Every structure is written in structure tokens, then in C-alpha cells.
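One structure is given here, and the rest of the page talks about it.
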Amino acid sequence: MDWLEAKGFDFDVITDEDLHRQGLELLQDYRVLLTGTHPEYTTGAMLSALEQYLAQGGRLMYLGGNGFYWVTSISEEKPHVMEVRRGHAGSRTWESAPGEVHHSTTGEMGGLWRHRGRAPNKLVGVGLSCMGWSTRSPGYARTPASRDPRAAFIFEGVDEREIIGNFGLAMGGAAGDELDRLDFELGTPPHALLLASSTGHNHHYQQVIEDIPQLKSERLYGGSTHPPIRADMVYFETPQGGAVFSVGSISWCGSLSHNDYDNNVSRITENVLKEFLR
């Protein structure tokens, strides 16, 4: 919100609870929707509203990581009660007891949305890949796809050789904390452009457990040896003139204010928002 104010954009703030209760009706008057940095807990109603918003031409900027991850429900009788059951899969801090995976508030199966057929890759092009907390976070390097004419507006004023976001308030870089990657097998739209990826993560970053069905002694899953340990910047179009831009990192917004808002993370974000508003 500080960045939006500094750049002079008019905006409203919608909470997760607002979105859950009012759905598409709440969103349809807005040209662009921006997420916060960590929209991890999402109800089915919230997902449906976002899917409908994109289907009718809305534009979504997913400016975080580890989003749209856990099945979440809210009690109709006690609206202050939110329920999450982590099940027996996913990168979790605790595990549901046997027989306690279904939500008591809605009766639905808990756990990961990915295991319910609604992987975040389908919605925003990327999904949780890894997490880690080290001394410094790296930036992003552009890919050949970033030169695609469809993405020209995104990098206007940004030198192709620049490392994107090798600075910031969150561990010193834009690609840190929890990171999302493109994965066509998990539902990333086939026409999505992989614009940039982070490189140089160390072994503090480990791949999410749901990606590792079996352990192999010859394989290491840490950042210094394993290609999926990265954040991906992705862009794709949706029906009726809509579009999605995703950055794949919780730390992205921590780099917006660097050098008095004059930096490539800020420039890219502003380029996308202005174009989406048009």
C-alpha cells in the first residue's frame, strides 16, 4: 500500500473475509486486483471468485509466494471461526490425526488445494516450490521468453542484462522466503511466458515435500544443486482481455521501496499495473 501511495495510484483494500463473503460481486467493478505477499489460506468461495473474475476479463497481479495453498473454510454459524486441517501431505508444521482430515465446518476434504484439483498453477501460473531463510536472497535473471513481444510492456525501461531485485528489505533480495515456480504438469497454462527466474539459492532452501514422492540417495533437494529451487516470474493472458502477472516470491514487495522507489522491481510492477489498467 505504501508503494501504491508513493506512485499515486488510487486503490481500495479488500480483505480475505470480504472476498469470501461477497465473491465476484465485490470484484467485478475493478480493472485490476493485486494480492498481498502471502495469500496462503484460501476458501473455495475465494478461489471461485478469482476464477470467475479472470474469466470475465479481470487482471490479476499475484505479488507474493506460497499462495492459494491450504484448503480453508469459515463457519457459517460462527463467522469468526476459520478452519484448516493440514492432512498428511504438503509442507506442514503439524499433521492431522487419523480420521480428522475433513473439515467440521463444511464437511469438505482438507489439505492442499493441489490435491483437490485446484493447484495454484492453474489460477496464477505458479505454485509453491520451496522455502528457506538464509543470509541473503538473490534476484532474478531474465529468460529468452522475456523478449517475446507479448511481454514488451513489462520490461520497458529495464536493461536486459540487469539482475532484477538483488536488493530489498527482506533478506536483501526480491526472491526469498517462500518461492513459487511454473509447472505445466500442475496446470500452468500452456501459453504462459516464463519471463525470469531466480538463481543462486543455497541449501537453506529445500523443495516442498509434496514434490518428492520418494527419496533417492543420489539426489539432493537443496538450492545449490536442484533446479526447481527458484522463483519464477510468469505472465499469461486470460479470456475477454484479462491477464495474470505473477512474481513467485514473498520477498518481492520488500524490494519496491529500494532507492526511493527507483529500481527495476518497482519499475516492472508499475509497468504491469499501468498496462493492466489500460
Side-chain angles (χ1 to χ4, degrees), residues 15-23 35-51 62 64-134 176-181 183 185-188 201 203-217 219-223 226 228-231 246 248-251:
T15 68
D16 287 353
E17 185 177 14
D18 296 332
L19 181 58
H20 171 78
R21 300 210 174 281
Q22 300 181 52
T35 73
T37 60
H38 195 181
E40 180 175 0
Y41 300 93
T42 313
T43 67
M46 292 166 63
L47 284 180
S48 295
L50 294 172
E51 292 164 353
Y62 171 36
N66 185 211
F68 318 104
Y69 191 66
W70 292 110
V71 176
T72 306
S73 61
I74 296 176
S75 170
E76 288 298 320
E77 294 76 23
K78 298 179 179 180
H80 57 283
V81 174
M82 183 180 77
E83 185 174 9
V84 175
R85 293 177 180 258
R86 298 188 190 272
H88 309 292
S91 296
R92 57 205 184 277
T93 54
W94 55 272
E95 189 169 278
S96 298
E100 295 189 1
V101 177
H102 284 81
H103 286 211
S104 64
T105 48
T106 61
E108 66 186 314
M109 177 70 77
L112 299 182
W113 279 118
R114 168 174 167 174
H115 295 156
R116 294 266 307 272
R118 303 181 84 171
N121 305 72
K122 294 182 178 181
L123 179 69
V124 291
V126 295
L128 184 62
S129 179
C130 61
M131 60 187 71
W133 301 272
S134 57
D177 201 332
E178 295 180 328
L179 310 178
D180 296 357
R181 75 173 191 276
D183 194 321
E185 291 185 0
L186 291 176
T188 299
H201 296 282
H203 259 55
H204 284 279
Y205 284 80
Q206 295 288 316
Q207 191 168 1
V208 291
I209 196 68
E210 58 266 28
D211 283 345
I212 308 172
Q214 60 180 333
L215 295 175
K216 297 181 179 180
S217 58
R219 183 180 296 173
L220 295 173
Y221 295 97
H226 201 44
I229 305 298
R230 66 180 194 270
S246 297
S249 168
I250 286 178
S251 297

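Note: hydrogens, waters and symmetry copies are ignored here, and every other heavy atom, side chains too, is used. What you see is a predicted model, and the numbers here were worked out from it, not measured in a lab. Positions are given from 1, in the same order as the sequence printed here.
Within the model, atoms OG1 of T35 and CZ of F68 stand 5.5 Å from one another, a figure rounded to the nearest 0.5 Å. Atom OG1 of residue T43 and atom CG of residue D16 lie 8.0 Å apart, to the nearest 0.5 angstrom. The distance from atom CD of E100 to atom CZ of R86, rounded to the nearest 0.5 Å, is 15.0 Å. Here CD1 of I250 is found 8.5 Å from CE of M131. Values are rounded to the nearest 0.5 Å. Atom CD of Q206 is separated from atom NE2 of H201 by 12.5 Å, given to the nearest 0.5 angstrom. Atom-to-atom distance recorded for M82:CE and H103:NE2 is 10.0 Å, nearest 0.5 angstrom.
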Test R114 against L186 for side chain to side chain contact (heavy atoms under 4.5 Å, CB included), laying out the working first. CA-CA 8 Å; R114 168 174 167 174; L186 291 176; 3.6 Å; yes

Apply side chain to side chain contact (heavy atoms under 4.5 Å, CB included) to residues Y62 and L123 and explain how you reach the verdict. CA-CA 10 Å; Y62 171 36; L123 179 69; over 6 Å; no

Run L128 and E40 through side chain to side chain contact (heavy atoms under 4.5 Å, CB included) and show every step you take. CA-CA 10 Å; L128 184 62; E40 180 175 0; over 6 Å; no

What do the steps show when you test Y41 against V84 for side chain to side chain contact (heavy atoms under 4.5 Å, CB included), and what is the final call? CA-CA 8 Å; Y41 300 93; V84 175; 3.8 Å; yes

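Listed by chain and number, the residues in a side-chain hydrogen bond (donor to acceptor under 3.5 Å, both in side chains) with S91 are E210 (sequence neighbours excluded). With sequence neighbours excluded, the residues satisfying side-chain hydrogen bond (donor to acceptor under 3.5 Å, both in side chains) with T105 are S73, E83. With sequence neighbours excluded, the residues satisfying salt bridge (Lys or Arg N to Asp or Glu O under 4.0 Å) with D183 are R181. Looking at residues two or more places apart in sequence or on another chain, you find a salt bridge (Lys or Arg N to Asp or Glu O under 4.0 Å) between R92 and E95. H102 meets the side-chain hydrogen bond (donor to acceptor under 3.5 Å, both in side chains) test with no other residue; sequence neighbours excluded. By the salt bridge (Lys or Arg N to Asp or Glu O under 4.0 Å) test, E108 pairs with R116, sequence neighbours left out.
Across every non-hydrogen atom of K122 and G117, the tightest pair is NZ-O, 2.8 Å. Taking all atoms of both residues into account, the shortest heavy-atom contact from S249 to G176 is OG-N, 3.1 Å. Residues V126 and S246 come closest through the heavy atom pair CG2-CB, 3.9 Å. Of all non-hydrogen atoms in G127 and P120, the two that sit nearest each other are CA-CG, 3.8 Å. A231 and G248 get closest at one heavy-atom pair: CB-O, 3.3 Å.
A 4.5 Å side-chain heavy-atom check between P79 and H20 finds every atom pair outside the cut-off. Residues I74 and R21 have side chains in contact (heavy-atom distance under 4.5 Å, counting atoms from C-beta outward).
Remark: side-chain polar atoms of S129 are not paired, donor with acceptor, to backbone N or O of I229 under 3.5 angstrom. Put simply, the side chain of Y205 never gets that close to the backbone of L179: no donor and acceptor are under 3.5 Å apart. Between the side chain of S96 and the main chain of V101, no donor-acceptor pair closer than 3.5 Å is present. Checked by atom type and distance alone, the side chain of W113 pairs as donor or acceptor with a backbone atom of T42 at under 3.5 Å. Looking at W133, its side chain never comes within 3.5 Å of a backbone N or O of D177 through a donor-acceptor pair.
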